[in-house]
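Chain letters run A, B, ... following the sequence lines, proteins first, then strands; residues in each count from 1. It should be emphasised that the depicted structure is a prediction, and the values quoted were computed from it without experimental measurement.
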Protein chains: 4
Amino acid sequence: MTLTDKHDDCSCPVLGTVTRWARRKDARPGEILDAALDLFVAKGFAATKMNDIAAAAGVTAGTIYRYYDGKEEMLRAIIRDGIGAKLDEGEQLITQFKGTAPELLAMVIRTWWSLIGATRLSGLPKLIISEANNFPELAELHREVVVRRGEAMIAKALQYGVDRGEFRPMPIESTVKVVVAPVLMAMLWKHAPACETGEFNVDEYLEQVIQTLVFGLSLRSA
Amino acid sequence: MTLTDKHDDCSCPVLGTVTRWARRKDARPGEILDAALDLFVAKGFAATKMNDIAAAAGVTAGTIYRYYDGKEEMLRAIIRDGIGAKLDEGEQLITQFKGTAPELLAMVIRTWWSLIGATRLSGLPKLIISEANNFPELAELHREVVVRRGEAMIAKALQYGVDRGEFRPMPIESTVKVVVAPVLMAMLWKHAPACETGEFNVDEYLEQVIQTLVFGLSLRSA
Amino acid sequence: MTLTDKHDDCSCPVLGTVTRWARRKDARPGEILDAALDLFVAKGFAATKMNDIAAAAGVTAGTIYRYYDGKEEMLRAIIRDGIGAKLDEGEQLITQFKGTAPELLAMVIRTWWSLIGATRLSGLPKLIISEANNFPELAELHREVVVRRGEAMIAKALQYGVDRGEFRPMPIESTVKVVVAPVLMAMLWKHAPACETGEFNVDEYLEQVIQTLVFGLSLRSA
Amino acid sequence: MTLTDKHDDCSCPVLGTVTRWARRKDARPGEILDAALDLFVAKGFAATKMNDIAAAAGVTAGTIYRYYDGKEEMLRAIIRDGIGAKLDEGEQLITQFKGTAPELLAMVIRTWWSLIGATRLSGLPKLIISEANNFPELAELHREVVVRRGEAMIAKALQYGVDRGEFRPMPIESTVKVVVAPVLMAMLWKHAPACETGEFNVDEYLEQVIQTLVFGLSLRSA
DNA sequence: AATGAATGAGACTTCATTCAT
DNA sequence: TATGAATGAAGTCTCATTCAT
């Protein structure tokens, strides 16, 4: 499996420190793609050099071409293999859920973070936002594979609350984005640390997000 | 005045009938910087070619160097001249404000959008998030000039509500980001349209943001 | 008359300090050519920018083209107008000379220095040596107009000594160069001060040159 | 070893049959630097194009950058690696010398020519004189590494003659330059053939230089 | 006659990609 | 299979020259 999502070394690797596993033969492509993802996220697609990716993956430039047809092909692979699998887990959780809507919303956000936000994949939103205009077909792919499914999940959770009378009536489509935005920004801040002041306490932030959203969306009795 | 913020076109002005070689000397720098901002935001710094900027500004590449020392210098100028002036207006509004905290919060967000979000400057967050790691000194500048002041403004508004007993007690620093995130994401989505599905109704979205935040932050009497 | 040879401000003007006279209309071309010569000598033809010449001449770049067809044309003018007139004076001196050969040789060298070496024209050898290969037709011109006449003068002086029995028999052509070399080097050193150590005392040097040459060329009686 | 000093060709070797892409890795830097030296000397630094150097070295322009950081860096390398080694040989010769001062002076000049004047390195004086003003730090380097040592050598030889009563008393510093000048000019003429008339018979010239200097510097008994 | 903004050709340099080893 | 030297296309930047004012 490529694009490994180990919780470990993902602390905004602007430079170097891409850990390499035991050199199993079949790990090569994954290591290369991981290195590419890290660097694409950190520096952007155009500013990332094949030599840097190679060095970060512990190979030389020529080797990359045994596994991928070129730089753009790597980006394609990253987007393609990206988040899909995680969404499966998420959808299952929501479908099986039985508690209150606030509990569901909180769970969705927390799970989202632990499955994606805390992993290397957390860089994808930054990468896609930065490069979407340059690779429309990849943006399209991402929209179909990730955005639509992700928003559908959130919409389902919101509708669940509205149906149960726990959340106020709302224009679902817009409100989905209200829920999504704070989590996405957390991922973006994580990978552009130079954009915020002081230390960013993600956990405290996410709890405030949850609390604010839950109460902000709840139906007020009066 | 550079980085003009006309509400109208943010759509790469190809500049139809230009009085070639007229006494445009004083207008040129602004036009060039506007073109550069648009393209940096749309395609990223590295992927933007000087020729593209020149064409968008209605000149040839060589001309740009009469006004700016190079590509990076233009980026510097963009960040430097960027949003500062707008923050002055914003700060004044908050200081003079006399109404309720929810009204204040709503006003801040709406003003933020009309002064920045609806203008060409709305691209800056995308640009800075994308390039911060590549130009640490610019990120630092932006942090000092924009982020710190912007967050201070929001913090002031929140504190205003807490002091008046309208907002619940809250960890201000984290909650500031909860307020900021949805507006920033609106700017990002605006400039990476390929990242969201369907039509994005910004006004409806912002109203939902305001409503959710206001109620989500309000002190519940019971 | 262009290429003025004032003894004054000619102290290796690597940068600036090109004095400008009262702005008589007809002085323009000369001032420009003087500035060009100084800069060509100091920095080389290719490394000299038209803007620098213009600035040194107290005009703007466009103005130069009223007087000269371009950069190369200026170089041509410099070589063409160069040293010719001075050689007339020199030839006359030698022809009229009546004293001993050593006296003649000493006079030639001293006159050479005062008429050319001490003036702005002293830069020409450096310029021509540096650029000869890039402008063969100019080298040819210089050869015809300056070198041949100059060497003929020295040859005449040497022959004068040999005929009078004061100088030893010698291969005139080669020995001419032995006489010429130390004076040319003095001019080169003057314009490439970075090439020699300490202070270069030209007068002491030239006296040693004269003394060494005179005795080195004299017929020894024994 | 770079800056090869084969006595044979100093004539821009277009390099006939090159084993393209063979294991030339270790030879390349030297070939490139040789080509660069030849062209810098022939045309000047600014007028020499990287493409020309590359072509002369049998590679493409891009290849040069695998070995040198840029054009200026090549110039630096040329000056740095230049003549140093040759001076070692020269110094040893002088120190060990046991004969008469005239013999020593003649030997120094002849050795100088065979070790440097007859090789590709003979172009360095022209290069340095031409570019010294544009690269002060390189001129400084050359002064320290070459000029000072070279002049010290000549001074030693002259002092040797004075001490032995073979040479007349003299201001050593100035007289050193009198000795140096004719040899330097020979090198310059060699690389600016367009600057002298007819054929330049270097050997005959140097013999005249030696003879003139030796007698010109000798102590006259009477 | 002079200006200096603008041009456009051409230089230096970078880097994704190839391919002999 | 991996390497890394080499390529060549493409981008940034410079500057001699032009020309409307």
Side-chain angles (χ1 to χ4, degrees), chain A residues 23 25 28 45-55 58-74, chain B residues 18-29 46-54 57-74, chain C residues 25 28 45-55 57-74, chain D residues 18-29 46-54 57-74:
Chain A
R23 187 56 56 82
K25 266 289 146 71
R28 270 287 150 72
F45 178 80
T48 297
K49 293 172 231 172
M50 290 298 268
N51 274 337
D52 294 343
I53 297 174
V59 298
T60 54
T63 303
I64 295 181
Y65 290 84
R66 295 228 159 260
Y67 300 102
Y68 301 98
D69 274 348
K71 203 172 157 186
E72 200 168 329
E73 173 60 25
M74 300 181 71
Chain B
V18 179
T19 317
R20 233 176 87 118
W21 220 97
R23 183 86 318 152
R24 308 192 51 68
K25 178 194 149 197
D26 41 358
R28 276 284 145 72
T48 298
K49 291 168 244 173
M50 291 301 271
N51 274 337
D52 295 342
I53 299 175
V59 297
T60 57
T63 300
I64 297 181
Y65 292 86
R66 185 163 296 283
Y67 301 101
Y68 300 97
D69 274 347
K71 206 171 153 186
E72 199 169 327
E73 176 59 26
M74 298 181 72
Chain C
K25 266 286 145 74
R28 270 287 152 74
F45 178 80
T48 297
K49 293 172 232 173
M50 291 298 270
N51 274 337
D52 293 343
I53 297 174
V59 298
T60 54
T63 302
I64 295 182
Y65 290 84
R66 294 229 158 261
Y67 300 101
Y68 301 98
D69 273 348
K71 202 171 157 186
E72 200 168 327
E73 173 60 26
M74 300 181 71
Chain D
V18 180
T19 318
R20 232 175 89 118
W21 221 96
R23 182 83 319 147
R24 308 192 51 68
K25 179 195 148 197
D26 40 358
R28 276 283 144 73
T48 298
K49 292 169 242 172
M50 291 299 269
N51 275 337
D52 295 342
I53 299 175
V59 296
T60 57
T63 301
I64 296 180
Y65 291 85
R66 184 163 296 284
Y67 301 100
Y68 300 97
D69 275 347
K71 204 171 154 187
E72 200 169 326
E73 175 60 26
M74 298 181 71

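In plain terms, the two heavy atoms of B:Pro29 and B:Tyr67 that are nearest each other are CG-CD2, 3.5 Å. C:Ala54 approaches C:Ala61 most closely through the heavy-atom pair CB-N, 3.5 Å. Residue B:Thr48 comes nearest to B:Lys71 through the heavy atom pair O-NZ, 2.7 Å, listed as atom of the first residue, atom of the second, then distance. Across every non-hydrogen atom of D:Ala46 and C:Ala46, the tightest pair is CB-CB, 3.6 Å.
Counting only heavy atoms from C-beta on, D:Met50 has its side chain closest to E:dC12 among F:dT17, E:dC12, E:dT17. The B:Val59 side chain lies nearest to E:dT7 when the options are F:dA16, E:dT7, E:dC12. In this structure, the nucleotide among F:dA16, E:dC12, E:dT17 sitting nearest to the side chain of D:Lys49 is E:dC12. You'll find that the side chain of D:Thr60 is closest to F:dG8, out of E:dC12, F:dG8, E:dA16.
As the counterpart of E:dT21, F:dA2 is assigned, both hydrogen-bonding distances of the Watson-Crick or G-U wobble pattern falling under 3.5 Å. In a base pair of the Watson-Crick type (N1 to N3 plus N6-O4 or O6-N4) or a G-U wobble (N1-O2 and O6-N3), with each distance short of 3.5 Å, E:dC12 is matched with F:dG11.
Comparing A:Arg66 and A:Asn51 by the nucleotide of DNA chain E that holds the closest heavy atom to each, the one mapping nearer the 5' end is A:Asn51. Residue whose closest nucleotide on DNA chain F sits further toward the 5' end, between D:Ala61 and C:Phe45: D:Ala61. Closest-nucleotide positions on DNA chain E for B:Ile64 and A:Asp69 were compared, and the one nearer the 5' end corresponds to B:Ile64.
The interatomic distance linking C:Tyr68 (OH) with F:dT17 (P) rounds to 15 Å, in whole Å. Atom CD in C:Glu73 sits about 13 Å away from atom P in F:dT18, given to the nearest Å. Atom CG of B:Asp52 and atom C1' of F:dA10 are 12 Å apart (whole Å). Distance NZ (B:Lys71) to P (E:dT13): 18 Å, rounded to an integer number of Å.
For C:Arg28 and E:dA2, the shortest distance from a side-chain N or O to OP1 or OP2 is below 4.0 Å. An OP1 or OP2 oxygen of E:dT3 is reached within less than 4.0 angstrom by no side-chain nitrogen or oxygen of C:Tyr65. Proximity of B:Thr63 to the phosphate of E:dT7: a side-chain N or O atom is located under 4.0 Å from OP1 or OP2. Close to F:dA2, at under 4.0 Å from its OP1 or OP2, lies a side-chain N or O of A:Tyr67.
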Go through it in stages, so that I can follow the logic: the residues are C:Met74 and C:Ile64, the test is side chain to side chain contact (heavy atoms under 4.5 Å, CB included), and I'd like the CA-CA distance, side-chain angles, deciding distance and then a yes or no. CA-CA 9 Å; C:Met74 300 181 71; C:Ile64 295 182; 3.7 Å; yes

